[in-house]
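Have a look at the structure below, then the notes.
When reading the values below, keep in mind they use all heavy atoms of this one structure, side chains included, and skip hydrogens, waters and symmetry mates. Chain identifiers are assigned alphabetically (A, B, ...) following the order of the sequence lines, protein sequences preceding nucleic acid strands; residue numbering begins at 1 within each chain.
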Amino acid sequence: MLLVRRITGNSMLPGYTPGSLIFGMALTRRLKVGQVVIVEHNGMEKIKRIAEIRKGGVYVLGDNPVHSTDSRSFGWLPISSVVARVIWPCSKKTG
Amino acid sequence: MVKSPNGVPKTANSCQQRYNRAVMEGLFSMKLSSLLPIKPVYAHCDLPCGVYDPAQARIEAESVLKIAEKYESLDDYNKMRAVVIKEQRAELVKHHLWVLWTDYFKPEHLEKYPQLHDLFWRTTKQAGEAKHHAGIEDAQKLLDLIDEIAEIFKATKQA
């Protein structure tokens with residue numbers, strides 16, 4: 001299933017700018033480190049990048065670590081909290 | 001300069017491509033928004049850094065003043081550069097003031113300093129004046145107004 005969302009916030013800069021649209025695909029394949037995903041946390045859908053995967057859990061980080069609340073503060077998330085993988089735009093983390 | 005096969009410099013070409021892409025994405029986004037209700041996804045940070053200081057606005061305003069002071073002694077080329085830089089700095093003054101105004105100052109500060117809204121309004125207007133004109137007086141007045149804000153800021157920090 002295809003999801004369309006609009007980004008609010010700066011934690012995924014520079015690749016994902018506030019106000020821009022993203023397309024996500026509900027999970028059909030295995031998650032991989034480095035993928036950008038939509039996770040559900042505290043009743044909100046958040047966009048983050050997977051930094052680490054272990055059995056049953058993902059550790060997600062923002063690309064803009066100075067302005068990101070992510071697994072560094074809320075810890076590991078269950079795999080089941082991953083709603084979708086972002087398929088467009090495709091942004092590889094740089095720097 | 002590297003050129004593409006049609007002779008256009010590659011950098012200009014790629015700039016144009018990026019521009020075209022941004023326009024297409026914007027149009028696509030507008031069209032899609034009108035067809036679908038699009039939910040937000042949060043790339044959020046719930047820990048604002050909390051570092052505020054009128055000194056940021058003051059530094060930019062000092063640049064505006066220095067440029068105004070030097071303007072007449074510059075040659076035509078540097079006058080042109082000076083105007084561009086002055087306008088950028090004046091715009092940064094506005095930005096830093098708005099951040100202070102909207103993010104730092106709270107309703108309780110307004111109760112104690114009821115002139116705050118008017119003071120910020122006059123100061124950002126003055127930044128606009130300093131941006132539009134190259135007069136030393138405009139730039140100095142901007143600095144004076146920022147100093148008024150800085151005094152209130154300092155008082156709120158000590159409270």
Side-chain angles (χ1 to χ4, degrees), chain A residues 1-26 36-50 60-75 77 81-91 93, chain B residues 2 10-57 59-60 88 91-106 124 153:
Chain A
M1 188 178 70
L2 190 69
L3 304 177
V4 187
R5 297 289 185 265
R6 190 178 297 285
I7 294 179
T8 299
N10 295 320
S11 78
M12 290 300 282
L13 286 173
Y16 298 88
T17 50
S20 58
L21 288 184
I22 57 163
F23 289 81
M25 182 66 83
V36 176
V37 289
I38 299 172
V39 293
E40 189 158 327
H41 178 248
N42 280 348
M44 281 197 286
E45 283 185 351
K46 299 174 183 176
I47 176 171
K48 300 289 169 196
R49 193 180 292 274
I50 297 176
V60 291
L61 297 173
D63 286 354
N64 180 9
V66 181
H67 294 283
S68 178
T69 301
D70 45 40
S71 285
R72 291 171 300 170
S73 55
F74 52 67
L77 296 177
S81 68
V82 181
V83 176
R85 180 171 57 88
V86 174
I87 55 169
W88 186 89
C90 182
S91 172
K93 186 168 166 54
Chain B
V2 181
K10 217 170 184 178
T11 50
N13 207 6
S14 60
C15 280
Q16 184 65 41
Q17 282 171 353
R18 278 204 298 274
Y19 173 77
N20 290 345
R21 192 178 157 198
V23 169
M24 289 306 292
E25 283 179 4
L27 289 173
F28 177 64
S29 164
M30 279 163 59
K31 185 73 184 163
L32 201 64
S33 302
S34 65
L35 295 173
L36 288 172
I38 298 171
K39 291 203 302 187
V41 62
Y42 296 93
H44 89 305
C45 173
D46 57 19
L47 295 169
C49 61
V51 178
Y52 301 102
D53 201 319
Q56 285 178 293
I59 287 168
E60 304 301 350
Q88 287 171 344
E91 196 60 34
L92 281 171
V93 172
K94 284 187 187 179
H95 167 76
H96 290 309
L97 290 174
W98 284 327
V99 170
L100 270 183
W101 192 4
T102 55
D103 294 356
Y104 173 75
F105 285 105
K106 305 280 184 295
T124 47
F153 175 83

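- Only the side chain of A/I22 comes within contact range of chain B, judged by heavy atoms closer than 4.5 Å.
- The shortest non-hydrogen separation linking A/I47 to B/V41 is N-CG2, 3.6 Å.
- Shown here are the side chain to side chain donor-acceptor pair (under 3.5 Å) partners of A/E45, two or more places apart in sequence or in another chain: A/R5.
- Listed here is the closest heavy atom pair of A/V4 and B/I38: O-CG2, 3.6 Å.
- Residues passing the side chain to side chain donor-acceptor pair (under 3.5 Å) test with B/E91 are B/K131, sequence neighbours excluded.
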